[in-house]
Protein chains: 4
Amino acid sequence: MGIEFDKDRPIYVQLVERICGELVSGVRQPGDKLPSVREFALEVGVNTNTVQNVYKQLEQMQLTETKRGQGTFITPDILKIRSMREDLKRQLVDRFLNNVETMGFTQEEVLQTLKERGGI
Amino acid sequence: MGIEFDKDRPIYVQLVERICGELVSGVRQPGDKLPSVREFALEVGVNTNTVQNVYKQLEQMQLTETKRGQGTFITPDILKIRSMREDLKRQLVDRFLNNVETMGFTQEEVLQTLKERGGI
Amino acid sequence: MGIEFDKDRPIYVQLVERICGELVSGVRQPGDKLPSVREFALEVGVNTNTVQNVYKQLEQMQLTETKRGQGTFITPDILKIRSMREDLKRQLVDRFLNNVETMGFTQEEVLQTLKERGGI
Amino acid sequence: MGIEFDKDRPIYVQLVERICGELVSGVRQPGDKLPSVREFALEVGVNTNTVQNVYKQLEQMQLTETKRGQGTFITPDILKIRSMREDLKRQLVDRFLNNVETMGFTQEEVLQTLKERGGI
DNA sequence: GTGGTCTAGACCACT
DNA sequence: GTGGTCTAGACCACG
């Protein structure tokens, strides 16, 4: 049971990120039901309270809707998900470029490392 | 006084990263003296103990040496710094590619966003 | 409350040594839970932060593992503990022989004192 | 210039111990003149203030005498030195046996390690 | 002045 | 309740 978590960041934040990733990548589709709190807690090896918190965050971000007695569902609003996808992509790239700059890496060496490391 | 810190990660970790970045980017050179604990604490607007912790981490990473009563100095060992530079570059790229993959972004769109966003 | 501490060495170092000793001597077994930070602090009569520091050191030495919200546990890795035992033994003996030499004691007199003083 | 110092103990304590060792081992004889504060400071790579402190400690232990304008001299009292020698020997052995016990080492294994490690 | 250790007391994330 | 981080403020050894 379980995943590894970055030791230096709150678990619930990491779980929120992970689920966003699954939304964006299509692993979870609009309208899909999320696992129950207990199920998910068991699956990732975490306390149910923590998962409660995660689901709360997601709802505040309007990415999920809770239906009483039925569970938590991914918003059927495709546009919302698409726009999040673009947001995340931009964020990811920006953070990357930002780091590249502050570390003083040149474009050439970064490009080369990108190739070496199997992507792009 | 001060810098902004990521709210969701320990300040001292962020400071360590920051200094590592400055080492790697050449802003700080081998042999340089770091600001004194109290100075740095004032500069970034945190408690001296927090800075102490940061400097301790750096020393454990063998990136700095402290001389009693004189201060904390960046290791003159250039090789150590070079190797850290390569490590950080690889880490950065790997994390990026990793995220790209789990988010289900295609190479093309990422490349395009990289261009749009001003780099590479 | 409390133990006596060597006045000329940091408390946290002495506590780390002490726990290492307990590991090595078998007083604490692999997998055992250490007392909670607060408990231990109370027991030895020091501040919780000091104990935190001790536990952090132990974890960096990979002698313990901490489980969020549950506590700090001795590594179940018996080999790690065995090897530490041998290390400490060698260290102890080496330091002793080293001192004997620099003090200019002869083997005979040391052996005799060892016998007189109740051991070996 | 310089010696290595145990990072976790005051330098002046270590220097006092060292000189005691030299007295006991005969490297320094009763009546000998100690190096001047500045000389000694230079020799061991330490600030003169620290050496001042060391000499003060030695005088308080009545192991040295200061003659105005001439320097610091080892007490000519041979008995004092002999008794210190015995004290230190007993201390050394006792601390060793103490550690052996608290670490739970058996007499046999310690004896064997003593032989392996080149002494006794 | 420098770094290092310690205390008291607070707040957070997690079980 | 558990560990982890942070602050404020103190004292020490060293230069």
Side-chain angles (χ1 to χ4, degrees), chain A residues 5-15 41 44-54 57, chain B residues 5-15 33-41 44-59 64-73, chain C residues 5-15 33-41 44-59 64-73, chain D residues 5-15 41 44-54 57:
Chain A
F5 289 104
D6 209 350
K7 218 199 136 223
D8 279 332
R9 289 158 62 222
I11 290 179
Y12 81 94
V13 171
Q14 298 181 53
L15 284 177
V44 296
V46 167
N47 191 286
T48 53
N49 292 331
T50 305
V51 176
Q52 287 280 14
N53 192 3
V54 171
Q57 303 284 328
Chain B
F5 289 105
D6 245 6
K7 214 207 134 210
D8 278 335
R9 290 159 60 226
I11 291 176
Y12 79 95
V13 170
Q14 297 180 53
L15 285 176
K33 185 179 176 304
L34 290 183
S36 85
V37 170
R38 292 156 174 87
E39 241 181 318
F40 197 45
V44 297
V46 302
N47 189 278
T48 54
N49 285 331
T50 305
V51 176
Q52 281 281 10
N53 193 1
V54 171
Y55 280 17
K56 203 174 189 173
Q57 302 283 323
L58 290 170
E59 194 173 15
T64 60
E65 296 169 1
T66 82
K67 296 180 190 166
R68 297 213 198 200
Q70 296 180 234
T72 302
F73 299 83
Chain C
F5 289 105
D6 245 6
K7 213 206 139 212
D8 278 335
R9 289 158 62 224
I11 292 177
Y12 79 94
V13 170
Q14 297 180 52
L15 284 176
K33 184 180 177 301
L34 289 182
S36 87
V37 170
R38 292 154 174 85
E39 242 181 317
F40 197 45
V44 298
V46 300
N47 188 277
T48 54
N49 285 331
T50 304
V51 176
Q52 282 280 11
N53 193 0
V54 171
Y55 280 17
K56 203 174 188 173
Q57 301 284 324
L58 289 171
E59 195 173 15
T64 59
E65 296 168 1
T66 81
K67 297 180 188 165
R68 297 213 197 199
Q70 298 179 231
T72 302
F73 299 83
Chain D
F5 289 104
D6 209 350
K7 217 199 134 223
D8 279 333
R9 290 157 62 222
I11 291 180
Y12 80 95
V13 170
Q14 297 182 53
L15 283 177
V44 297
V46 167
N47 191 284
T48 51
N49 292 331
T50 305
V51 176
Q52 286 280 16
N53 191 4
V54 171
Q57 303 284 327

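Proteins come first, then strands; the chains are lettered A, B, ... in the order of their sequence lines, and each starts at number 1. Heavy atoms only: backbone and side chains are in, while hydrogens, waters and symmetry mates are out.
Picking from F:dC14, E:dC6, E:dC14 the nucleotide with the shortest atom distance to the side chain of C:Tyr12 gives E:dC6. When distances are taken from the side chain of B:Glu59 to each of E:dG4, F:dT5, E:dC14, the shortest belongs to E:dG4. When distances run from any side-chain atom of C:Gln70 to the nucleotides F:dT5, E:dT15, F:dG3, the shortest one goes to E:dT15. With E:dG3, F:dG3, F:dG15 as the candidates, the nucleotide lying closest to the side chain of D:Asn49 is F:dG15.
Within 4.0 Å (heavy atoms only), C:Thr48 reaches no atom of the nucleic acid at all. Nucleic acid contact for B:Gln52: base, since at least one base atom lies under 4.0 Å from a heavy atom of the residue.
With hydrogens and angles disregarded, no donor-acceptor distance shorter than 3.5 Å links the side chain of D:Gln57 to the backbone of D:Tyr12.
Between B:Thr72 and the phosphate of E:dG3, there is a side-chain N or O to OP1/OP2 separation shorter than 4.0 Å.
The closest side-chain heavy-atom distance from A:Val44 to A:Ile11 is not below 4.5 Å.
Nucleotide E:dG9: paired with F:dC6 (Watson-Crick or G-U wobble, both distances less than 3.5 Å). Within the shown strands, E:dG1 is the pairing partner of F:dC14 under the Watson-Crick or G-U definition, both distances less than 3.5 Å.
Both C:Gly69 and B:Leu34 lie near DNA chain E, and the one whose nearest nucleotide falls closer to the 5' end is B:Leu34.
Put simply, the side chain of C:Arg38 and the base of F:dG1 share no donor and acceptor less than 3.5 Å apart.
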